[in-house]
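Quick notes on the structure that follows.
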Amino acid sequence: MTTKKTFFLGGSILIILILSCFLLFSPLGVHTYGEILFPEKEYKVYESHNYPTAIDEMKPIGQIFDLPSTLKQPSGVDFNEDKKTFLVVTDQAEIMELTNEFKEINSSATISNKPLLFRQGSVESIDFYENKAYIGGDLGKIELWEEQSGVWKRTGSITPRERTDVNYSAEALAIHPETGDIYLGNNDKITIIDQQGNYVSEIALKGEVKDGRSISEYIIAGLDFHKNTLYVLTEYHSAILSVDYSTGIITEIYGLEGMVEGAGLAVTDSAYFVVVDHELDEVSPGVKMYKR
């Protein structure tokens with residue numbers, strides 16, 4: 001009898017350990033856990049291209065780049081002008097450097113050593129500035145990473161000075177190329193901090209809207225500076241906004257065909273590159289390129 005109890009107890013412990021590892025460490029397990037807790041996906045009541053403002057131009061998809069199969073759920077993207085490579089962060093809290101057309105992964109690293117369940121969705125944005133990758137999200141700080149001889153290493157972090165009236169989470173992130181100030185996008189507002197984490201200011205998106213609509217419908221999903229101009233990717237109303245970075249006033253609006261729920265934006269001399277939010281069990285939509 002004692003042998004049977006011991007065998008049953010040992011088997012039960014083994015099953016619990018296997019199940020725990022599945023839920024804590026495997027992408028499929030994390031996805032299953034999320035589906036059990038949050039079975040219904042939240043959808044916005046408005047259509048993705050029913051813009052709250054007039055738009056200046058509707059841009060068609062110029063090209064779609066497939067991503068390597070090992071890259072799951074990209075959440076942010078930026079372009080390294082010097083090396084002509086793309087940097088991508090994922091919902092699994094990874095950073096990857098990819099070749100110019102996203103064909104191969106040159107190098108990669110996991111940003112956090114926590115079990116996957118506790119880091120899933122914590123990383124949302126990246127910007128490359130002065131040879132450092134600035135990584136944001138719901139981390140409570142901005143992580144700084146550098147690639148050294150093909151190996152990514154954490155070299156520091158910037159913790160925003162605590163203020164009860166300010167939201168420092170970074171659904172989107174961009175560094176001003178001249179001042180080095182860090183622009184953190186969340187909902188329809190942009191919070192600005194300096195390189196020491198000190199609060200500088202906060203701006204909200206501003207523009208003329210249609211009757212009964214609100215500029216706050218333009219939820220910020222991505223930010224990128226290019227030649228001293230700030231570009232904003234919006235999440236549900238699929239558009240790229242050119243914004244006065246000192247006032248938040250929208251100066252140009254480009255609608256994006258074939259786009260729903262953009263997640264990150266990289267701007268180059270010739271194009272806009274957008275990574276798309278999607279579930280782990282969905283086929284990757286790749287990276288969509290729109291010509292400038």
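Since the structure is predicted, the reported quantities are computational estimates derived from the model, not experimental observations. Quick note: numbers below take in every heavy atom, side chains included, and nothing from hydrogens, waters or symmetry partners. Residue numbers run from 1 in the order of the sequence given.
Contact record, Ser125 with Ala170: OG-O, 3.0 Å, taken as the closest heavy-atom pair. Taking each heavy atom of Ile193 and Pro160 in turn, the nearest pair found is CD1-CG, 4.1 Å. When every heavy atom of Tyr129 is checked against every heavy atom of Gly180, the shortest pair comes out as OH-CA, 3.4 Å. Heavy atoms only, all atoms of each residue included: Asn228 and Pro177 are closest at OD1-CG, 4.0 Å. Contact detail for Glu217 and Pro52: the closest heavy-atom pair is OE1-CB, 3.8 Å. Considering every non-hydrogen atom in both Glu282 and His278, the closest pair reads OE1-CB, 3.4 Å.
Through side-chain heavy atoms spaced under 4.5 Å, either directly or across other Ile, Leu, Val, Met, Phe, Trp or Tyr residues, Met96 is tied to Phe65, Leu67, Leu71, Val77, Phe79, Phe86, Val88, Leu98, Phe102, Ile105, Phe273, Val275, Val287, Met289.
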Point to revise | side chain to side chain contact (heavy atoms under 4.5 Å, CB included) assessment of Met58 paired with His49 | key: CA-CA 10 Å; Met58 198 73 185; His49 292 90; 3.3 Å; yes
Point to revise | side chain to side chain contact (heavy atoms under 4.5 Å, CB included) assessment of Lys153 paired with Val151 | key: CA-CA 6 Å; Lys153 297 181 179 180; Val151 178; 4.3 Å; yes
Point to revise | Evaluation steps, salt bridge (Lys or Arg N to Asp or Glu O under 4.0 Å), between Glu143 and Arg154 | key: CA-CA 7 Å; Glu143 292 271 359; Arg154 183 182 181 275; 2.5 Å; yes
Exercise for review: Would you sort out whether Thr234 and Ile219 count as a side chain to side chain contact (heavy atoms under 4.5 Å, CB included), showing the intermediate values?
Suggested key: CA-CA 5 Å; Thr234 64; Ile219 299 171; 6.0 Å; no
Exercise for review: Would you sort out whether Ile135 and Ile95 count as a side chain to side chain contact (heavy atoms under 4.5 Å, CB included), showing the intermediate values?
Suggested key: CA-CA 9 Å; Ile135 298 170; Ile95 179 173; 4.0 Å; yes
Exercise for review: Determine, stepwise, if the pair Lys83 / Glu147 fulfils salt bridge (Lys or Arg N to Asp or Glu O under 4.0 Å).
Suggested key: CA-CA 12 Å; Lys83 294 179 66 177; Glu147 190 267 336; 3.4 Å; yes
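Looking at Tyr245, its side chain never comes within 3.5 Å of a backbone N or O of Tyr183 through a donor-acceptor pair. Put simply, the side chain of Asp194 never gets that close to the backbone of Asp181: no donor and acceptor are under 3.5 Å apart. In this structure a side-chain-to-backbone donor-acceptor pair under 3.5 Å is missing from Glu171 to Asn187. Under the 3.5 Å distance criterion, the side-chain polar atoms of Thr110 are left unmatched by any main-chain donor or acceptor of Ser112. A donor-acceptor distance shorter than 3.5 angstrom exists from the side chain of Thr99 to the backbone of Glu104, with no hydrogens or angles considered. At least one donor-acceptor pair closer than 3.5 Å links the side chain of Lys206 to the backbone N or O of Ala204. A distance-only check finds no donor-acceptor pair linking the side chain of Asp244 to the backbone of Gly248 [under 3.5 Å]. Looking only at distances, a side-chain donor or acceptor of Asp56 sits under 3.5 Å from a matching main-chain atom of Ile253.
Taken to the nearest 0.5 Å, the CD atom of Glu146 stands 7.0 Å off from the CG atom of Asn131. Going from atom CD1 of Ile190 over to atom CG of Leu184 covers 9.5 Å, rounded to the nearest 0.5 Å. Between the OG atom of Ser201 and the CD1 atom of Ile192 there is a distance of 3.5 Å, given to the nearest 0.5 Å. With rounding to the nearest 0.5 Å, the separation of OG in Ser214 from CG in Asp188 is 7.0 Å. To the nearest 0.5 angstrom, Thr90 atom OG1 is 10.5 Å from Ile126 atom CD1. Residue Asn106 holds its CG atom at 5.0 Å from CD of Glu97, rounded to the nearest 0.5 Å.
Within 6.0 Å of NZ in Lys84 there are more than 12 heavy atoms belonging to other residues, nucleotides or ligands. With a 6.0 Å radius and a threshold of 12 heavy atoms from other residues, nucleotides or ligands, Lys103 has its NZ atom at or below the threshold. Within a 6.0 Å radius of NZ in Lys210, other residues, nucleotides and ligands contribute more than 12 heavy atoms. Atom CD of Glu57 is surrounded by more than 12 heavy atoms from other residues, nucleotides or ligands within 6.0 Å. Atom CD of Glu257 sits in a crowded spot, with more than 12 heavy atoms from other residues, nucleotides or ligands closer than 6.0 Å.
Both Val209 and Ile203 are assigned to one and the same hydrophobic cluster, defined by single-linkage of ILVMFWY side chains at heavy-atom distances under 4.5 Å. Both Leu87 and Leu139 sit in one connected hydrophobic cluster of ILVMFWY residues. Membership requires side-chain heavy atoms under 4.5 Å apart, directly or through other members. Follow the hydrophobic side-chain contacts under 4.5 Å out from Phe128 and you reach Ile111 in the same cluster. Ile61 and Val274 end up in the same hydrophobic cluster when Ile, Leu, Val, Met, Phe, Trp and Tyr side chains are linked at under 4.5 Å.
Taking the side chain as every heavy atom from C-beta outward, Asp78 and Asp224 approach each other to under 4.5 Å. Under the 4.5 Å side-chain criterion, counting only non-hydrogen atoms from C-beta, Leu256 is in contact with Ile240. Considering only heavy atoms from C-beta on, Arg292 comes within 4.5 Å of His226 through its side chain. With a 4.5 Å cut-off on side-chain heavy atoms, Val276 and Val260 do not count as touching. Between Lys141 and Ile158 the shortest side-chain heavy-atom distance does not fall below 4.5 Å. In this structure, the side chains of Leu223 and Leu230 come closer than 4.5 Å at one or more pairs of heavy atoms. In this structure, the side chains of Asn186 and Thr191 stay at 4.5 Å or more apart for every pair of heavy atoms. Proximity of Tyr199 to Tyr168: side-chain heavy atoms (C-beta onward) are separated by under 4.5 Å at one or more points.
If you check the side chains of Gln195 and Tyr134, you find a donor sitting under 3.5 Å from an acceptor. Under the 3.5 Å distance criterion, with hydrogens and angles disregarded, no donor-acceptor pair is assigned to the side chains of Glu124 and Ser75. Donor-acceptor pairing under 3.5 Å is lacking for the side chains of Ser122 and Asp138.
For Phe225 and His176, the gap between ring centers is short of 6.0 Å.
Each of Leu233, Thr53, Leu205 was checked for a side chain to side chain contact (heavy atoms under 4.5 Å, CB included) with Leu241, and the lone residue meeting it is Leu205.
Aromatic ring orientation, Tyr272 versus Tyr254: tilted (interplanar angle from 30° to 60°).
With Tyr290 as the aromatic partner, Lys59 does not meet the cation-pi criteria of under 6.0 angstrom to the ring centre and within 45 degrees of the ring axis.
For Ser107, the side chain to side chain donor-acceptor pair (under 3.5 Å) partners at least two apart in sequence or on another chain are Trp152.
Between Glu94 and Lys72, no side-chain nitrogen of the basic residue sits less than 4.0 Å from a carboxylate oxygen of the acidic one, so the salt-bridge criterion is not met.
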